[in-house]
Amino acid sequence: MPELPDVEFVRRRLTAALRGGTITSARSKDLRLLRPQSPAAFTRGLVGRTVREVRRRGKWLCLELDDGTRLFSHLGMTGWWHERGCDAPEERSERARIDVRRGKGRCRSLRYVDSRRFGRLMVARDDIPEWRELGQDPFAKGIHVGTLAAALASRRRAVKEVLMDQMVLAGIGNILATEGLWRARVDPRSRSDALSRADVTKIARGLEKAIRRQLATRKKPEGEWQDVFAVYGRSGEPCPRCGSTIARVVIGGRATAFCKGCQVRSWPRARQRESTPGQ
DNA sequence: CGGCATGTTGCGCA
DNA sequence: TTGCGCAACATGCC
């Protein structure tokens, strides 16, 4: 699940559960998720501290504690934080747990669940490079089109690959990039340096819309999340906008769905050809 | 059984 | 040195 809207959703829930609370217990035995740290360092870094704030940049979460310690959490492909009571049983694929007490409230317990274990959990005294090096976050103030246009123009790659570069836009994953480009009517194979300023603006607005839409879905009861994608995962089906059959290609090693009928491909002038290149 | 998956990293090769 | 393609990571689902 986790792309920007999912991580933002988790951030809000973690904030509600953790902010101002004191960590009474913190455990993880998962050496892969903790790498290169030890389970002891995880416990030692967190227990006894108070949670000041839960931040997010792109797909990264950061719990900021009262003494300046931070817990960085990346959800990878299948990670999620669940809020439970402290007496709740261990969940399937539970990899870490943090218990928190707040005033007279019930003991709350956050369970990190991650079947594939592609996520990360890192205790640090400072911001980590993975956090520092992230590009602009598209959520808070929207996408700065000039910055995005410059990043796209400086590369000669498929536009979709650049959008998914976390140093360009933090938090855009395969679904958002696919859906955002469909909304912008831009072919994901378009060369990033061949796009017009108008295209870049449409892409920015398309991504923002896709983010808002996905986040809105998260506000429903958890069992009722029904993500409705226009093209993602729908190759072979008709495009909801123009009716053409949705195509599937691989870009940067990732499955990519798009509509040849209404998504326009841009290509540098000198290399423009009659037949579509690369087929 | 094979294929595929919302993410990231690291390796070999050009 | 840089960039690119692709396998790997680990598990579950169809």
Side-chain angles (χ1 to χ4, degrees), chain A residues 1-11 28-36 56-61 72-81 90-96 112-122 128-135 137-139 151-152 154-182 188-189 191-193 207 210-218 222 225-237 246-258 277-278:
Chain A
M1 306 294 248
E3 286 185 48
L4 191 155
D6 306 291
V7 184
E8 174 61 21
F9 177 77
V10 170
R11 186 195 71 78
S28 176
K29 288 183 289 194
D30 199 301
L31 298 179
R32 174 168 181 81
L33 289 163
L34 293 174
R35 86 210 116 132
R56 179 195 60 76
R57 282 186 69 182
K59 301 170 194 171
W60 280 94
L61 289 164
F72 292 93
S73 165
H74 194 292
L75 305 177
M77 200 88 112
T78 50
W80 204 258
W81 285 95
E90 182 171 333
E91 298 184 44
R92 176 153 59 117
S93 304
E94 183 179 306
R95 313 298 185 189
Y112 180 67
V113 172
D114 187 350
S115 65
R116 287 170 79 179
R117 299 194 286 151
F118 286 177
R120 295 296 298 274
L121 289 169
M122 240 180 306
I128 57 175
E130 290 91 330
W131 173 273
R132 259 186 286 119
E133 291 164 9
L134 292 169
D137 189 283
F139 184 67
L152 289 164
S154 73
R155 275 154 237 229
R156 314 166 126 220
R157 304 190 55 101
V159 57
K160 176 162 174 276
E161 288 187 79
V162 181
L163 298 181
M164 291 174 65
D165 182 337
Q166 300 302 296
M167 291 168 68
V168 175
L169 291 175
I172 303 302
N174 202 28
I175 294 177
L176 288 177
T178 298
E179 293 290 302
L181 286 165
W182 179 81
R189 302 168 298 172
R191 268 265 298 262
S192 63
D193 58 342
L207 289 170
I211 289 167
R212 282 197 302 273
R213 207 170 183 300
Q214 223 167 303
L215 185 59
T217 307
R218 296 289 168 271
E222 198 144 338
W225 292 355
Q226 296 238 349
D227 289 309
V228 184
F229 300 126
V231 288
Y232 177 83
R234 294 186 175 278
S235 48
E237 297 177 33
I246 296 166
R248 180 193 191 274
V249 291
V250 174
I251 298 174
R254 310 297 299 274
T256 305
F258 70 103

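Proteins come first, then strands; the chains are lettered A, B, ... in the order of their sequence lines, and each starts at number 1. Keep in mind it's a predicted model, so treat the numbers as computed, not measured.
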### Query
Between atom CZ of A/Phe229 and atom CD of A/Glu237, what is the distance when rounded to the nearest 0.5 Å?
12.5 Å
Give every donor-acceptor pair under 3.5 Å between a side-chain atom in residues 168-175 of chain A and any protein atom, sequence neighbours left out.
unit_1, atom_1, unit_2, atom_2, d
A/Asn174, OD1, A/Lys160, NZ, 2.6
A/Asn174, ND2, A/Ala255, O, 3.1

## Note on the structure
Among B/dG7, C/dG12, C/dT11, the one nearest any side-chain atom of A/Asn174 is B/dG7
### Query
Do A/Val231 and A/Phe258 have side chains that get closer than 4.5 Å, going by heavy atoms?
no
#### Entry: Selected nucleotide, minimal atom distance to A/Ser115 side chain, candidates C/dC9, B/dG7, C/dG12
C/dG12
### Summary
To the nearest angstrom, the CZ-P distance between A/Arg218 and B/dT6 comes to 15 Å
### Task
Indicate for each nucleotide in nucleotides 8-14 of chain B, in 5' to 3' sequence, whether protein heavy atoms under 4.0 Å reach the base (B), only the sugar-phosphate (S), or nothing (-).
B------
### Query
Counting any heavy atom closer than 4.0 Å, what does A/Arg155 reach on the DNA or RNA strands: base, sugar-phosphate only, or nothing?
nothing
### Query
Would a distance-only check, ignoring hydrogens and angles, find a side-chain to backbone donor-acceptor pair under 3.5 Å from A/Asp114 to A/Gly119?
yes
### Task
Determine yes or no for a side-chain-to-main-chain donor-acceptor pair under 3.5 angstrom, with A/Glu3 supplying the side chain and A/Leu176 the backbone.
yes
### Query
Counting any heavy atom closer than 4.0 Å, what does A/Gly76 reach on the DNA or RNA strands: base, sugar-phosphate only, or nothing?
sugar-phosphate
### Task
Kindly say whether, by distance alone, the side chain of A/Arg116 makes a donor-acceptor pair under 3.5 Å with the base of B/dA5?
yes
### Query
What dot-bracket string describes DNA chain B from 5' to 3', counting Watson-Crick and G-U wobble pairs whose defining distances are under 3.5 Å, with [ ] for crossing pairs and | for pairs to another strand?
.||||.||||||||
### Task
Please state whether the rings of A/Tyr112 and A/Trp81 are parallel, tilted or perpendicular, taking 30° and 60° as the class boundaries.
tilted
